[in-house]
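The structure displayed is predicted, hence computed values, not measured ones.
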There are 2 protein chains.
Amino acid sequence: MNDRKLKLADLAKLAGVSTSTVSRALNDNPLIKKETREKLQQLAKKHNFSLNTAASRLRTQKTNVVAVIINLDGDTEQSINDPFLLKIVGEINLALNKFGLELLLSNSFMASDDWANYFINSRRADGIIVVGQGKSQANIEAAANAGVPLVVWGDPKTPSSYPIVGSDNYLGGRLATEHLLANGAKNILFLGDPGHAEIGERHRGYLDAISEAKATPHVVSIDITSSAAYKGINQLLVEKGLCFDGIMACSDMVAFGAMKALKERYISIPTDVALVGFDDIAMADISHPSLSSIKQNTQRASVILVEKLLAQLAGQSVESQVVEIELVNRQSSQR
Amino acid sequence: MNDRKLKLADLAKLAGVSTSTVSRALNDNPLIKKETREKLQQLAKKHNFSLNTAASRLRTQKTNVVAVIINLDGDTEQSINDPFLLKIVGEINLALNKFGLELLLSNSFMASDDWANYFINSRRADGIIVVGQGKSQANIEAAANAGVPLVVWGDPKTPSSYPIVGSDNYLGGRLATEHLLANGAKNILFLGDPGHAEIGERHRGYLDAISEAKATPHVVSIDITSSAAYKGINQLLVEKGLCFDGIMACSDMVAFGAMKALKERYISIPTDVALVGFDDIAMADISHPSLSSIKQNTQRASVILVEKLLAQLAGQSVESQVVEIELVNRQSSQR
DNA sequence: CTGAAAGCGCTAACAT
DNA sequence: ATGTTAGCGCTTTCAG
């Protein structure tokens with residue numbers, strides 16, 4: 001790093017071979033004899049040499065970079081506060097690294113209308129992973145139809161011209177609700193915004209489970225934030241009193257907001273109200289009472305997302321895919 | 001995006017001017033007459049044209065990319081679970097975007113010994129922002145001395161040859177402790193690992209406040225995770241009973257772990273034990289009781305980090321800088 | 001104010 | 001198994 005930056009040609013001169021040989025050796029091209037290759041790789045390491053990615057990207061027309069876009073309807077609240085996002089982004093990064101790809105992070109470009117163009121046409125990235133479907137899929141659809149290689153973390157059952165990888169939200173909603181019913185809850189609230197794609201599916205699962213149990217559904221539609229949940233439950237309690245004995249929350253953060261409202265009024269969890277969240281963030285285990293939740297397999301989903309993106313880049317056609325979910329049974333729903 | 005990718009030369013031909021004119025126009029070079037410039041910019045937009053960043057990076061030897069490295073001693077637990085990290089990374093991204101820079105995220109390369117080389121020598125990024133000092137600063141120091149442009153989010157009072165931006169951790173520790181004392185706590189525990197740079201400073205602040213109050217310090221040294229805190233407090237209670245009436249936790253997540261242990265034993269917060277955390281994550285406001293905490297100004301710190309990196313890239317010498325902190329007073333410490 | 005032309009550092013046909 | 005060489009698409013000196 002101290003000596004003026006070496007280039008491939010310098011290294012070639014040092015080794016007394018041609019630039020193509022060095023290039024091939026460093027790229028593990030099998031055309032190069034093993035011992036030559038190893039010798040050159042050692043020389044490179046010794047001189048602290050790295051290929052200039054700008055040059056090789058220009059030449060190969062590939063970046064090995066994937067842009068990850070956090071897509072949250074300008075709902076900055078959630079974007080900044082939900083730990084679940086970090087979990088996903090972290091897992092995606094790991095998955096990308098595994099395939100030799102790098103992660104260009106963006107949480108602000110979704111706003112502009114030609115975000116896809118921005119990343120792809122400018123050769124900033126080879127493909128895009130969109131995290132979250134948001135409320136409207138129109139712009140994603142448009143980008144996909146324009147030929148932008150992209151995959152989406154979201155609800156895989158949504159009809160789309162691009163692959164969506166995510167949990168079986170319907171099943172999650174159903175399992176959570178059935179679990180509450182099995183634990184004796186009769187009047188179960190759904191807490192969340194069904195207008196949001198993934199949450200809409202959770203809501204459907206909830207509705208079906210409720211209807212099978214011949215119970216009455218009740219939706220408290222709120223923004224996907226703790227504070228909205230807190231306010232929503234508070235208001236309901238003020239207006240109608242304790243008219244429910246179970247809550248299926250659309251996310252753990254939302255569940256915590258509800259929990260706070262309940263605790264402040266000394267409504268016991270799970271005795272008076274049983275509660276299940278969604279996401280299984282770290283806090284679910286550490287809250288008191290601990291929060292039962294639907295665990296999403298973010299690690300597996302991330303690997304699949306990357307694999308699908310790569311397949312797409314290789315020209316294959318790819319389908320949406322569901323990853324399994326699991327109910328994690330903790331104190332908040334146990335009675 | 002449908003027609004084969006245009007290049008600068010194509011656009012120049014379309015407009016009947018030279019490539020240099022187009023290049024200058026798109027880069028807002030004042031040399032170009034205003035009307036020519038606007039005409040060309042419109043043409044570019046109309047044809048959905050973007051400059052090929054690989055080519056321009058190769059030519060200019062600048063990437064306008066900053067690598068952000070999450071540095072956490074391979075302590076994956078915290079890395080994946082602490083919402084505070086997301087907050088910082090999000091803010092840094094915003095700050096970078098403000099300056100026309102992009103964020104290359106890395107949470108796994110710190111492990112390799114030549115991470116700095118990897119990003120800088122290969123021209124993947126112009127500079128590096130390291131988030132967190134971790135337990136050892138040796139490798140950061142080495143990279144900085146080798147001339148890698150880098151800034152660190154950490155404790156600004158740590159002696160270093162690179163600029164560190166972060167909160168006044170000493171003051172934070174002191175304020176939190178003084179606050180607990182003012183609320184009547186006599187036996188205040190410090191919960192966290194003082195071997196960690198930033199936490200060490202918080203600990204020093206704690207010690208000074210304790211000693212001024214002629215109280216007795218007591219450190220429970222644990223990993224910076226909720227579960228370690230939970231176990232630590234549990235064990236202490238088992239072995240010595242309720243031998244304390246206040247806890248200064250090194251982070252909010254750690255505070256929540258402690259809270260859980262206390263609640264499970266029906267020890268009242270804040271009546272029996274008053275509690276203050278650090279970071280002021282969203283959950284602090286939504287927990288019950290809500291958690292008093294030292295709020296770090298991550299937004300301001302992020303902007304400063306980016307400014308300092310830019311100054312460094314411009315060849316100026318830059319110093320570490322402290323950003324203000326603030327005690328947010330909530331229920332957990334109120335009596 | 002605009003144009004011509006060189007060259008950033010690499011890779012991959014093509015040649016041997 | 002290795003070398004020669006053209007060229008990826010842009011920016012910028014130099015010339016006008």
For this session: Answer yes or no: side-chain N or O of A:Arg24 and base N or O of D:dG3 forming a donor-acceptor pair under 3.5 Å.
Result: yes

Problem set entry | Whole-Å gap separating C1' (C:dG9) and CG (A:Leu11) | 13 Å

Exercise. Among D:dT4, C:dG9, C:dT11, which nucleotide sits nearest the side chain of A:Ser56?
Worked result: C:dT11

For this session: Look at the side chain of A:Ser20 against the base of D:dT5 and say whether a donor-acceptor pair falls under 3.5 Å; ignore hydrogens and angles.
Result: no

For this session: Can you tell me the distance, in whole Å, between the CG atom of A:Asn121 and the C1' atom of D:dG9?
Result: 14 Å

Exercise. Taking CG from B:Leu8 and P from C:dG3, how many angstroms apart are they, rounded to a whole number?
Worked result: 12 Å

Exercise. For the base of D:dG9, is there a side-chain donor-acceptor partner from A:Arg59 under 3.5 Å away?
Worked result: no

Problem set entry | Atom-pair distance (CZ on B:Arg57; P on D:dC10), nearest Å | 13 Å

Exercise. Hey, is the side chain of A:Gln61 poking within less than 4.0 Å of OP1 or OP2 on C:dT11, counting only N and O atoms?
Worked result: no

Exercise. Do the charged groups of B:Arg300 and B:Glu324 touch, with an N to O distance under 4.0 Å?
Worked result: yes

Seminar exercise, completed: Whole-Å distance, B:Asn64 CG to D:dT11 P, equals 11 Å

Problem set entry | Donor/acceptor link under 3.5 angstrom from B:Thr19 side chain onto base of C:dA4 | no

Exercise. Contact class for B:Leu58 (heavy atom, under 4.0 Å): base, sugar-phosphate, or nothing?
Worked result: base

Seminar exercise, completed: Winner on side-chain proximity to A:Val17, out of C:dT11, C:dG3, D:dG3, is D:dG3

Problem set entry | Short side-chain donor-acceptor distance under 3.5 Å, A:Thr158 and A:Ser160 | no

Exercise. Taking atom CD of A:Gln299 as the centre, does the number of heavy atoms from other residues, nucleotides or ligands within less than 6.0 Å exceed 12?
Worked result: no

For this session: Remember a base hit wins even if backbone is also touched, and classify B:Thr36 as base, sugar-phosphate or nothing at under 4.0 Å, heavy atoms.
Result: sugar-phosphate

Exercise. Quick one: A:Lys62 NZ to D:dG9 P, roughly how many Å, whole number?
Worked result: 17 Å

Exercise. Can you name the nearest heavy-atom pair linking A:Leu6 to A:Phe49, along with the distance?
Worked result: O-CE1, 3.6 Å

Exercise. Between atom CG in A:Leu26 and atom C1' in D:dT2, what is the gap in whole Å?
Worked result: 15 Å

Seminar exercise, completed: Of A:Lys33 and B:Ser23, the one whose nearest nucleotide on DNA chain D sits closer to the 5' end is A:Lys33

For this session: Tell me which of B:Leu31 and B:Thr60 sits closer to the 5' end of DNA chain C, going by the nucleotide each one is nearest to.
Result: B:Leu31

For this session: Check whether any side-chain nitrogen or oxygen of A:Asn27 sits under 4.0 Å from OP1 or OP2 of C:dT11, and answer yes or no.
Result: yes

Seminar exercise, completed: Rounded to whole Å, NZ of B:Lys39 lies from C1' of C:dC1 at a distance of 13 Å

Exercise. How many angstroms lie between OG1 in A:Thr21 and CD1 in A:Ile32, if you round to the nearest 0.5 Å?
Worked result: 4.5 Å

Exercise. Taking A:Phe119 as the fixed residue, which of A:Val65, A:Leu104, A:Leu150 is the one that meets the side-chain contact (heavy atoms from CB on, under 4.5 Å) rule?
Worked result: A:Leu104

Problem set entry | side-chain N/O A:Thr21 vs D:dT2 OP1/OP2, d < 4.0 Å | no

